[in-house]
Amino acid sequence: MLELNFLRTNTERVKEGLKVRNYDEEGLKAVDRAVSLDDSRKDVQTRLDNLLAERNALSKEIGALFKSGKREEAEQKRSRVNEVKEEAAKLEEALREVKIQLAEALYSIPNVPHPSVPAGNTDEDNEVYRDWAGELPVLPEGTQPHWELAKTYNIFDLELGTKITGSGFPLYRGQGARLQRALISFFLDEAVKAGYEEIIPPLLVNEDSARATGQLPDKEGQMYFVEKDNLYLIPTAEVPVTNIYRDEIIDPAQLPVKLTGYTPCFRREAGSYGAHVRGLNRVHQFDKVEIVRYEHPDKSYEALEEMLAHVAGLLDKLELPYRILRLCGGDLGFTAALTFDFEVYSAAQQRWLEVSSVSNFETYQSNRLKLRFKDGKETRLLHTLNGSALALARILAALLENNQTPEGIVIPKVLQSYTGFDRITAQ
RNA sequence: GGAGGAGUGGCAGAGCGGUUGAAUGCACCGGUCUUGAAAACCGGCAUGGGUUUACGCCCAUCGGGGGUUCGAAUCCCUCCUCCUCCGCCA
């Protein structure tokens with residue numbers, strides 16, 4: 001959530017930001033509402049504090065009176081304290097109430113978009129930040145989409161996944177499983193080479209963690225929930241990895257903190273079926289390597305560039321055609337200030353598939369996380385960033401389609417030492 | 001899963017109903033001394049909120065939540081976590 005101080009001192013800027021996200025006049029009111037709720041909060045807080053101060057002072061006096069044997073005086077004060085306590089109880093209730101409302105108001109206000117974020121409503125309005133410079137591959141007649149290739153080469157099986165679990169849970173096998181593992185290792189190795197510390201986090205998280213990264217209360221329906229133990233299956237490694245430093249004050253000498261983690265990701269994706277989500281295009285379980293950074297506020301946009309270069313480097317090495325989009329206000333995630341999406345071209349489907357999303361959240365996440373650093377005497381919020389590097393299922397889809405030849409599916413050179421074979425052939 | 005024990009500042013560790021946001025030690029940051037360093041000595045050293053031009057003052061926080069009391073780190077309830085023993089187990 002946004003910092004209250006920022007909200008108070010930059011009210012107009014926040015509103016301008018909401019307009020970029022297509023909020024109407026009604027939506028903008030949340031900003032003023034939050035500020036006025038905070039005014040009430042301060043007012044109640046001050047009155048309560050004064051009462052508590054009085055109570056504390058009286059209690060001390062009572063203690064002293066009892067010691068010196070002045071019973072009666074003590075009794076008098078005691079009844080006064082009881083009055084004070086009654087009043088305080090009311091104010092405490094009021095404070096609790098106003099805090100809940102304030103939190104709700106704050107949760108309803110998204111991050112302020114970076115000035116470079118273009119206006120727009122849908123993904124159609126996203127800006128092509130860097131287009132693919134070369135020719136897009138055109139496959140000859142008779143080429144197959146990846147779900148057909150899966151059958152031809154026996155590399156993954158959606159029907160089996162359905163049998164075992166349900167739709168959207170692919171089962172990889174043989175050379176397909178091997179290729180999947182190769183991609184994970186390759187991505188992790190590249191991240192480690194780039195200075196990221198490798199993390200294997202828990203795949204289930206508690207409510208606090210889900211709340212801290214903004215999955216709750218916002219995207220409740222997106223996550224699988226284990227009711228018996230009150231745990232959520234992670235929709236991305238971002239959740240456990242970003243929570244590592246929840247509630248911490250970091251020594252600035254440790255900055256930047258660079259972390260990477262591979263995890264399966266679980267997403268309910270309720271109600272999404274149809275042609276666009278065929279095959280591996282959208283599934284409930286997929287593998288992803290995530291990179292996460294905590295940065296000094298002055299350096300976070302530099303870091304974002306670096307992350308873009310890193311992801312671009314991965315796609316270059318995999319020899320996949322891709323483009324980079326700058327998300328427009330309407331498509332930008334609730335918590336992000338600026339997001340770039342990477343899309344690879346899937347030649348058989350003749351469409352672009354999103355394989356990475358790289359974002360700067362500025363202090364929006366760290367405010368909820370209470371993730372700070374010491375800036376001299378001052379304690380300040382850090383900037384958090386993250387990006388997929390990379391999401392597996394769709395990469396695999398594009399790879400299979402683009403690299404199909406009459407002699408099998410060609411494995412990119414960088415992966416061959418990981419897979420142990422240079423092409424996938426019919427088994 | 002069963003039985004017992006414990007959770008206090010960055011760490012270790014006192015306190016077990018009153019002026020204790022918390023002794024002491026270590027770590028850390030200043031200073032004195034020293035050619036320099038170490039040692040010694042002196043000082044500082046939690047987070048959040050309110051208020052103030054400022055110095056400061058006030059409130060909350062001793063695993064989380066609730067309760068008893070004029071007053072709770074200290075007593076009670078509850079949840080969580082950790083340790084020991086038993087059971088189960090990749």
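Chain letters run A, B, ... following the sequence lines, proteins first, then strands; residues in each count from 1.
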Now, which nucleotide makes the Watson-Crick or G-U wobble pair with [N], with each of the two distances under 3.5 Å?
{"N": "B:U61", "answer": "B:A46"}
{"N": "B:C89", "answer": "none"}
{"N": "B:C55", "answer": "none"}
{"N": "B:G25", "answer": "B:C11"}
{"N": "B:U35", "answer": "none"}
{"N": "B:A3", "answer": "B:U84"}

Base of B:G71 paired with side chain of A:Asn56 (donor-acceptor, under 3.5 Å)
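Not at all, since no donor on one side and acceptor on the other fall under 3.5 Å apart.
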From [atom1] of [X] over to [atom2] of [N], roughly how many Å is that when rounded to an integer?
{"X": "A:Glu3", "N": "B:G48", "atom1": "CD", "atom2": "C1'", "value": "14 Å"}
{"X": "A:Phe66", "N": "B:U69", "atom1": "CZ", "atom2": "C1'", "value": "11 Å"}
{"X": "A:Gln45", "N": "B:U52", "atom1": "CD", "atom2": "C1'", "value": "17 Å"}
{"X": "A:Arg78", "N": "B:G18", "atom1": "CZ", "atom2": "P", "value": "16 Å"}
{"X": "A:Leu95", "N": "B:G50", "atom1": "CG", "atom2": "P", "value": "11 Å"}
{"X": "A:Ile62", "N": "B:U69", "atom1": "CD1", "atom2": "P", "value": "14 Å"}
{"X": "A:Asn230", "N": "B:G65", "atom1": "CG", "atom2": "C1'", "value": "15 Å"}
{"X": "A:Asn206", "N": "B:G63", "atom1": "CG", "atom2": "C1'", "value": "14 Å"}

Between [X] and [Y], a side-chain donor and acceptor under 3.5 Å:
{"X": "A:Glu238", "Y": "A:Gln365", "value": "yes"}
{"X": "A:Glu295", "Y": "A:His383", "value": "no"}
{"X": "A:Glu3", "Y": "A:Thr363", "value": "yes"}
{"X": "A:Lys288", "Y": "A:Thr263", "value": "no"}
{"X": "A:Gln101", "Y": "A:Glu97", "value": "yes"}

What interatomic distance, in whole Å, is found between [atom1] of [M] and the corresponding atom of [N]?
{"N": "B:U74", "M": "B:G7", "atom1": "C1'", "answer": "14 Å"}
{"N": "B:G13", "M": "B:G25", "atom1": "C1'", "answer": "8 Å"}
{"N": "B:A14", "M": "B:C89", "atom1": "P", "answer": "40 Å"}
{"N": "B:U20", "M": "B:G5", "atom1": "C1'", "answer": "26 Å"}
{"N": "B:C70", "M": "B:G64", "atom1": "C1'", "answer": "27 Å"}
{"N": "B:C11", "M": "B:C16", "atom1": "P", "answer": "23 Å"}
{"N": "B:G67", "M": "B:G48", "atom1": "C1'", "answer": "25 Å"}
{"N": "B:U52", "M": "B:U47", "atom1": "P", "answer": "23 Å"}

Choose from [options] the nucleotide whose nearest atom is closest to any side-chain atom of [X].
{"X": "A:Ser59", "options": "B:C58, B:G49, B:G18", "result": "B:G18"}
{"X": "A:Lys60", "options": "B:U19, B:U47, B:G49", "result": "B:U19"}
{"X": "A:Arg96", "options": "B:G66, B:U51, B:C59", "result": "B:G66"}

What is the nucleic acid contact for [X], judged by heavy atoms within less than 4.0 Å: base, sugar-phosphate only, or nothing?
{"X": "A:Arg55", "answer": "sugar-phosphate"}
{"X": "A:Leu58", "answer": "nothing"}
{"X": "A:Lys374", "answer": "sugar-phosphate"}
{"X": "A:Asn82", "answer": "sugar-phosphate"}
{"X": "A:Lys42", "answer": "sugar-phosphate"}

Any side-chain N or O of A:Lys85 under 4.0 Å from OP1/OP2 of B:G71?
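Yes.
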Looking only at side-chain N and O atoms, does A:Arg372 come under 4.0 Å of OP1 or OP2 in B:G48?
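Yes, A:Arg372 has a side-chain N/O under 4.0 Å of OP1/OP2 on B:G48.
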Assign each of A:Leu48 and A:Gly63 to its nearest nucleotide of RNA chain B by heavy atoms, then name whichever residue's nucleotide is nearer the 5' end.
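Closest to the 5' end, via its nearest nucleotide, is A:Gly63.
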Here's a test of your reading of the structure: between A:Ile249 and A:Leu52, which maps to the more 5' nucleotide of RNA chain B?
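Of the two residues, A:Ile249 wins.
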Using a strict cut-off of less than 4.0 Å between a Lys/Arg side-chain nitrogen and an Asp/Glu carboxylate oxygen, indicate whether A:Lys29 and A:Glu26 qualify as a salt bridge.
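Here A:Lys29 pairs with A:Glu26 in a salt bridge, since their nearest N and O are under 4.0 Å apart.
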Under a 4.0 Å threshold between the charged nitrogen and the carboxylate oxygen, would A:Glu83 count as salt-bridged to A:Arg80?
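Here A:Arg80 pairs with A:Glu83 in a salt bridge, since their nearest N and O are under 4.0 Å apart.
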What are the two closest heavy atoms between A:Ser209 and A:Val239, and how far apart are they?
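In terms of heavy atoms, the two residues are closest at O-CG1, 4.0 Å.
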